[in-house]
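Taking it in order: structure first as structure tokens, then the write-up.
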Amino acid sequence: MNDTARRLVLIDGSSYLYRAFHALPPLSNDDGEPTGALFGVVNMLRATLKEKPDYVAFVVDAPGKTFRDELYPEYKANRPPMPDELRAQVQPMCEIVEALGMPILRVPGVEADDVIGTLAVQAAGDGIDVTISTSDKDFAQLVRPNGDGDGGGIALVNTMSGSRMDSEQAVIDKFGVRPGQIVDYLALMGDTVDNVPGVHKCGPKTAAKWLAEYDSLDGVIAHAGAIKGKIGDNLREALDRLPLNRTLVTIRTDVELEQGPAALALREAHNDALRALYTRYGFKQALKEIGGTGPEQDGAQQARAEQAGMRNTAAGYARTTAADDAELDPALAAAGSYDCVTTQAQLDDWIGRLRAAEEFAFDCETDSLDPMRANLVGLSFSTEPGAACYIPLAHDYPGAPAQLDRDAVLDALRPLLSDPQRRKLGQHGKYDLHVLRRHGVEVRGYADDTMLESFVYNATASRHDMDSLAKRYLGYDTVKYADVAGKGAKAIPFSQVALDDATGYAAEDADVTLRLHRVLAPKLAAVDGLERVYRDIEMPLVKVLERIEANGVMVDGDELRRQSAKLGRRMLAAQQKATELAGRSFNLDSPKQLGALLFDELKLPALVKTPKGQPSTNEEALEAIADQHELPRVILEYRGLAKLRSTYTDKLPEMVNPDTGRVHTSYHQAGAATGRLASSDPNLQNIPIRTEDGRRIRTAFVAPPGRKIVACDYSQIELRIMAHLSGDEGLVNAFASGADIHRATAAEVFGKTIDAVDGNERRAAKAINFGLMYGMSAFGLAKQLGVSRGEAQDYIALYFSRYPGVRDFMERTREQAREQGYVETVFGRRLYLEQIHARNQGLRAGAERAAINAPMQGTAADIIKRAMIDVDAWLSGQADGKGAAPALMVLQVHDELVFEVEANFVETLVAEVSGRMSAAAELRVPLVVDCGIGDNWEEAH
DNA sequence: ACAACTGCGTA
DNA sequence: GTACGCAGTTGTA
């Protein structure tokens, strides 16, 4: 880079404000003014100023129509209006920008994009090096390298993600096309946010492919006839509008501006004004920087953050740029500097470092995603940001270097890993705990898990895998598994990855985990109540879940295979019958073929639509036409049988672990936003129960000889939580009386005595009770009960008049969601509702329903998690002298715990478990637990 | 081989 | 109407 060149930074203010608004939790200052977006933007601005540009402009959109609106009236018609919380932050942002000494540009009738484009090209022409700071990929069309003759370069930085594009190659790497092709690329794809439709089904890959082949949009248009398949048809349909698209996505570089780049010199900051603004919004870090009187900050934390190449972890987000990485943190930029430990001396050195560390991060590399089958291939550790090692143990490929003996290494590490006093941390450590346990190392002192920190901090903000967390909280792109091992059919086992590559990947995992913890832990601690959810519920649960998964459940494969055979025979009969009724054969598994048959050939009415507007063939649709033709019934019969067979009776026997002879599900602790667990591989939380055929599958979940299956479930737990949260006297009393709650509700609503309630009334009351917990509408209830909407409305009105506390609770919850942006459980777990202010009425209504459901579903999840921890602790103390447990916890199904129990221990277990489950929370209503006992899960209900 | 879509099992 | 995971088809890579 030319050191003497003057530099101009053009900041796309609107794009940052929106990005920061959506990326950050809804922070506010002590006066309740929203500050989240402001905080993000201010941090970005401060980082920009540290680069000391000569010229700078903060560019925002001005109100009013632009040439794009003239050309295409639908332009941006889909845009929701600015949320109020964000709007409130615009004026303060402008004040801060002014006080920082940055010129603000807002040109009426010209979009900010075009102002930036014009200034960038002018300045580059004057030999100024231009950096456009934006998160909008459209600007890639302007990128040009500097130093190739006259004029400056134009680079793109995105400080949110830390990426920088300053050459043609960088753009090609990112998008697969040259800067000059970006407009054609965007024109083909379209932009849903701006309401610019492109070629249907043409995404980044397809657009780049076509441009690689035909070079330009004109080339693609000229060869549109040559492109085959459905997508070719889609292209030909869109041909007419592509030139317009190109105009719309082209950033103009020739608008008339009153000021040139030279007018944008950076001015002196007004520190007094800044101090006042920072104080008002509570930006302590920023205040300290300008010598304000903020509270003392944590020096150690700051030092760590700086070492990690991060700035400003106070309460918002951390960021890096590629440039910073190189400058501040060689370890991050150059992954090769991690240690690969292959000698005893290196191992001794690292064991010394681990011993000296207060806490360390660890991570296992294996040859399988299934922790119950995986073989340990290597281990990585990190003690400080940037300091990490990889210990390969079982890499096996031609020319692989000699490695330390696996068992010897594990023996050497065991004292550290098994010491409860030594704090260990990981990312999704339950997996590693399994692997190490199966290799003879019982990990104790597993103190922190970044996946769970992220989940508790904000369950909905992002995914909680390490790559996403690194991107989000460190602004850092990790080495991906596929980068070192390939993917799909070409993937090689990790044991065949070259040690160099393996070290770069694996040691980075431990390193990034450690850094993430240091960013996330303070964030979590800063939010009232979250630390306790994390520390008292989620972390203790890790070991409990590991144990349940390791226990597995005994499944009688032969029984399931017999059921499969029977189901198969009945499916065949149904299929033959269907063929006969249709007069031709067709694929019963194909909704498309079935739809064509029912609605086109047989002319049956299509009463239900799929979300995409096609005639649906789902259960509701088939039921609706079952009285007009025999075929729908037969299809329903076939579907029911096929579902049971493919999903359960065929699949479960395949899932039996050959080593243990049992089925080991995997529980996802960060699976459901409400705090519930999710189960997969296989999902054991959706084993059928409602139909007789389905329920039979549960007879295959058995206890070994001498043992019993005991199933303990909470009775009506979510409804009880609704009674607790609403405090409604009638509902609380109904539960206190111990009566059948739906019957009691029906009696109340229909003005009868409990004994006089008939089946229909009870059914209606039950539907209302459940509907309420899902935030239902009269429309939904009407559909459920098969009554008119008016009638359903009357039921609801009647219900609310009898249980006014419930109505108030619903309204309070909606209000809380709107005001705070989140709702919480009894134990303080938060659920943010990102769409609660959506302009789109459907999205907003959905968020309101979720807001109502989440406190109930989430509190129930918290309660059973607490019970599991307590029960597990009790059970762990019950083992006999040889360590054999008289009972194992084997399944959790949201409100139910299932145990495998020695016959002579059943009585004790039932008493202890039901007592502990009942005592897991103190509510205004009793928590009732029902326990069943049997030789299999079906009998235990 | 992979993604989108449709449909359906549980609490 | 809340919260999930999974199987099968279809169309494309």
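So that the names make sense, note that chain A is the first sequence line, chain B the second, and so on, each numbered from 1. Since we're looking at a predicted model, the values are computed, not measured.
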Problem set entry | Proximity to the side chain of A:Y774 - top-ranked nucleotide from C:dT9, C:dA3, C:dG1 | C:dG1
Seminar exercise, completed: Hits for side chain to side chain contact (heavy atoms under 4.5 Å, CB included) against A:A238, two or more places apart or cross-chain, chain-then-number order -> A:V199
Seminar exercise, completed: Taking Watson-Crick and G-U wobble contacts under 3.5 angstrom, with | marking pairs to another strand and [ ] crossing pairs, the secondary structure of DNA chain B is written |||||||||||
By the 4.0 Å heavy-atom rule, please label [X] as base, sugar-phosphate, or nothing.
{"X": "A:K783", "value": "sugar-phosphate"}
{"X": "A:G488", "value": "sugar-phosphate"}
{"X": "A:A673", "value": "sugar-phosphate"}
{"X": "A:R849", "value": "sugar-phosphate"}

Exercise. Who pairs with A:E811 by salt bridge (Lys or Arg N to Asp or Glu O under 4.0 Å), at least two apart in sequence or on another chain?
Worked result: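 For A:E811, the residues satisfying salt bridge (Lys or Arg N to Asp or Glu O under 4.0 Å) (neighbours in sequence not counted) are A:R814, A:R818.
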Problem set entry | Contacts of type salt bridge (Lys or Arg N to Asp or Glu O under 4.0 Å), residue A:R695, not counting sequence neighbours | A:E938
Problem set entry | Within residues 591-600 of chain A: residues closer than 4.0 Å to DNA chain C (heavy atoms) | A:K592, A:Q593
For this session: If the plane angle is over 60° it's perpendicular, under 30° parallel, otherwise tilted; pick one for A:H464 and A:F455.
Result: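 Aromatic pair A:H464/A:F455 classed perpendicular.
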Side-chain donor/acceptor pairs under 3.5 Å, residues 772-785 of chain A, sequence neighbours excluded:
unit_1 : atom_1 : unit_2 : atom_2 : d
A:S777 : OG     : A:F779 : N      : 3.4
A:S777 : OG     : A:G780 : N      : 3.1

Exercise. Which side-chain hydrogen bond (donor to acceptor under 3.5 Å, both in side chains) pairs, counting each pair once, include a residue from residues 585-595 of chain A, with sequence neighbours left out?
Worked result: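 Residue pairs passing side-chain hydrogen bond (donor to acceptor under 3.5 Å, both in side chains), neighbours aside: A:D589-A:Y638.
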Exercise. Do any pairs count as a side-chain hydrogen bond (donor to acceptor under 3.5 Å, both in side chains) and have a residue in residues 641-652 of chain A, sequence neighbours left out, and if so which ones?
Worked result: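 Qualifying pairs: A:S564-A:T649, A:S564-A:D650, A:Y648-A:N686.
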Mind checking side chain to side chain donor-acceptor pair (under 3.5 Å) for [X] and listing every partner two or more places apart, or none if nothing turns up?
{"X": "A:T665", "value": "A:S679"}
{"X": "A:D862", "value": "A:T825, A:R829"}
{"X": "A:Q841", "value": "A:R844"}

For this session: Taking heavy atoms of chain A and a 4.0 Å limit, find me the 5'-most and 3'-most nucleotide of DNA chain B within that range.
Result: B:dC2 to B:dA11
